[in-house]
There are 2 protein chains.
Amino acid sequence: MKNTPLSRREREKLQQRKEILAAALALFSEKGYHNVPMQEIAEAAEFAIGTLYKFFQNKEDLYKALVMEQGDRFEAAFAAAIQAPGDEIEKLRNFVRARRDMCRDNLPFVRLFIAESKGASFNLKAGLDADLREKIDAVMEKLTRVFESGMKNGRFLKIADPYSLAVALDSVIDAFVLLWVESPERHPFPEDPDAILDIFFKGLLPKA
Amino acid sequence: MKNTPLSRREREKLQQRKEILAAALALFSEKGYHNVPMQEIAEAAEFAIGTLYKFFQNKEDLYKALVMEQGDRFEAAFAAAIQAPGDEIEKLRNFVRARRDMCRDNLPFVRLFIAESKGASFNLKAGLDADLREKIDAVMEKLTRVFESGMKNGRFLKIADPYSLAVALDSVIDAFVLLWVESPERHPFPEDPDAILDIFFKGLLPKA
DNA sequence: TCAAAAAGTGACGATACGTTCATAGTTTCT
DNA sequence: AGAAACTATGAACGTATCGTCACTTTTTGA
């Protein structure tokens with residue numbers, strides 16, 4: 001954890017690394033891991049193949065670095081949203097907004113992320129999966145606690161256990177993101193977070 | 001649509017085809033499309049490679065046949081559940097139950113199906129994706145109509161538009177299925193459909 | 001300025017996999 | 001029984017792509 005003892009060269013290399021990852025992200029998100037040869041990434045990043053192997057041990061390593069680093073950004077953004085000051089309802093709103101904003105600004109990665117976090121876990125070796133899961137679980141954990149404390153202080157009714165609610169909310173947001181990714185005009189992501197949250201806040205059945 | 005003018009040989013071939021697809025399903029669901037060579041499928045099905053190519057034009061064709069035929073079964077089961085007699089609430093319960101049952105009895109395919117229907121659309125050529133989407137959309141359409149009619153006849157409150165509710169319910173069930181697939185002991189799929197439906201039926205917020 | 005070190009290059013070797021097809025085996029029919 | 005028709009086989013071929021490494025170019029620092 002040193003502050004900034006970075007030589008010019010070191011900064012340059014970091015920048016190059018970033019550019020490789022950016023090129024790779026664009027390609028992977030468009031065609032999928034298996035349909036992008038290293039050659040193509042090299043060309044897109046304007047490097048020779050050999051150079052990529054100076055930065056990453058192999059193709060999988062490159063992919064993993066890409067997913068993990070973007071995953072970190074997403075986890076951080078979501079965690080910050082949940083932990084921002086406000087009551088439980090506001091925290092949930094912040095979370096929905098954070099999801100919307102991150103998705104808006106990182107569409108290419110969102111496609112990869114969804115593909116990666118959902119079922120297709122055999123796409124790649126086990127390592128990635130486990131590490132990524134950890135990040136997702138960390139966010140889920142925080143969400144669970146929001147529901148929990150909301151129930152404790154009477155702001156929420158105990159209609160289901162907090163973890164189930166967290167999973168449910170997360171999956172519903174995912175679904176809306178997916179709709180939006182597939183056709184932004186037909187299914188715009190709602191501006192007002194309550195458009196989604198009301199599904200959970202308000203009951204479908206008239207009270208007995 | 002002839003009845004049963006099937007020669008013995010024809011029945012045999014159909015059976016062989018089924019066995020190839022079964023072997024392929026087991027392998028694909030475990031390792032993913034790209035990590036299963038035709039050779040391996042052939043061995044598992046106890047045929048020579050060349051024989052597989054008598055049944056399917058190529059690997060992708062085999063995979064597509066597999067996914068589509070299983071997809072048909074799932075679509076039929078879900079459609080039947082939704083359209084079984086009963087009020088809207090019962091229809092939703094039937095749908096949740098159908099999902100649970102199909103998943104219980106077809107775990108290997110469920111993994112594939114989730115991977116395929118969610119983001120990883122670049123796993124394969126466009127054709128599959130579109131055809132599978134159609135089936136999913138058909139079910140979604142039916143679900144939407146359940147919410148719609150429930151709102152019309154006052155059984156449901158209009159807390160969100162019917163399509164959004166259909167998408168939301170579907171994604172929540174998906175999420176629970178995923179949890180269950182990953183660790184059946186830690187996250188058993190709830191026996192009582194209302195354990196899931198209550199998230200939608202009951203409101204999280206105390207009525208104002 | 002120049003030599004040593006670092007960085008960048010891309011043709012090439014190795015491997016893995018999809019698909020073909022000439023051949024061998026089996027069934028059917030006369 | 002024997003020939004014709006049909007079916008199954010798997011070695012071999014072509015292609016694609018990963019990752020290496022001997023070499024060239026650039027940078028560094030004395």
Side-chain angles (χ1 to χ4, degrees), chain A residues 5-67 122-128, chain B residues 5-67 122-128:
Chain A
L6 286 183
S7 68
R8 176 181 59 80
R9 199 75 244 289
E10 282 172 319
R11 271 178 284 127
E12 260 180 28
K13 290 205 82 174
L14 232 53
Q15 177 58 27
Q16 292 178 332
R17 196 188 125 102
K18 248 173 117 176
E19 278 173 31
I20 294 171
L21 287 177
L25 172 56
L27 291 166
F28 283 146
S29 73
E30 189 194 342
K31 310 162 148 216
Y33 180 79
H34 287 287
N35 301 317
V36 179
M38 288 298 264
Q39 179 63 46
E40 202 172 338
I41 299 172
E43 272 162 25
E46 293 173 273
F47 284 103
I49 281 203
T51 309
L52 299 205
Y53 285 88
K54 295 272 155 81
F55 287 91
F56 306 96
Q57 289 216 331
N58 52 45
K59 189 183 178 185
E60 197 175 308
D61 192 47
L62 188 162
Y63 183 73
K64 184 168 169 170
L66 171 59
V67 172
F122 35 62
N123 267 355
L124 233 45
K125 282 236 176 72
L128 210 192
Chain B
L6 286 183
S7 69
R8 177 179 59 82
R9 199 76 243 289
E10 282 171 318
R11 273 178 282 127
E12 259 179 28
K13 292 203 82 174
L14 232 53
Q15 177 58 28
Q16 291 179 334
R17 196 188 125 103
K18 249 173 118 177
E19 278 172 29
I20 294 171
L21 287 177
L25 172 55
L27 290 167
F28 284 145
S29 73
E30 188 193 343
K31 312 163 148 212
Y33 181 78
H34 286 287
N35 300 318
V36 179
M38 288 296 265
Q39 179 63 48
E40 203 173 338
I41 299 173
E43 273 163 24
E46 293 173 274
F47 284 104
I49 281 203
T51 309
L52 299 204
Y53 285 87
K54 295 270 154 75
F55 287 92
F56 306 97
Q57 290 216 332
N58 51 44
K59 188 183 178 183
E60 197 175 310
D61 193 47
L62 187 162
Y63 183 73
K64 186 168 167 171
L66 171 59
V67 172
F122 35 61
N123 268 355
L124 234 44
K125 282 238 176 70
L128 211 191

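Residue numbers begin at 1 in each chain, while the letters A, B, ... track the order of the sequences.
- Atoms CD (Gln39(B)) and P (dC17(C)) sit 10 Å apart, rounded to a whole Å.
- For Ala44(B), the side chain to side chain contact (heavy atoms under 4.5 Å, CB included) criterion is met by Ala23(B), Leu27(B), not counting sequence neighbours.
- The minimum heavy-atom distance between Phe55(A) and Lys13(A), with the atom names listed, is CE2-O, 3.5 Å.
- Computed from coordinates, the Tyr63(B) OH to dG18(C) P distance equals 14 Å when rounded to whole Å.
- Judged as a side chain to side chain donor-acceptor pair (under 3.5 Å), and not counting sequence neighbours, the contacts of Gln15(A) are Glu19(A).
- Contacts between chain B and DNA chain D, taken as any atom within less than 4.0 angstrom of a protein heavy atom, begin and end at dT7(D) to dG10(D).
- Taking each heavy atom of Met38(A) and Leu62(A) in turn, the nearest pair found is CE-CD1, 4.1 Å.
- The separation between Asn58(A) atom CG and dT15(C) atom P is 17 Å, rounded to whole Å.
- In this structure, the side chains of Phe28(A) and Ile41(A) come closer than 4.5 Å at one or more pairs of heavy atoms.
- Residues satisfying the side chain to side chain donor-acceptor pair (under 3.5 Å) test with Gln16(A), not counting sequence neighbours, are none.
- Counting to the nearest Å, the C1' atom of dT19(C) and the CG atom of Leu62(B) are 13 Å from each other.
- By the 6.0 Å and 45° rule, Lys64(A) does not stack over the aromatic ring of Phe56(A).
- Residue pairs satisfying the side chain to side chain donor-acceptor pair (under 3.5 Å) criterion with at least one member in residues 41-58 of chain A, sequence neighbours excluded, are listed as follows: Gln39(A)-Glu43(A).
- Taking atom CD on Gln57(B) and atom C1' on dT19(C), their separation rounds to 12 Å, with Å as the unit.
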- Base versus backbone protein contacts along nucleotides 8-13 of chain C [heavy-atom cut-off under 4.0 Å; B, S, -]: BBB---
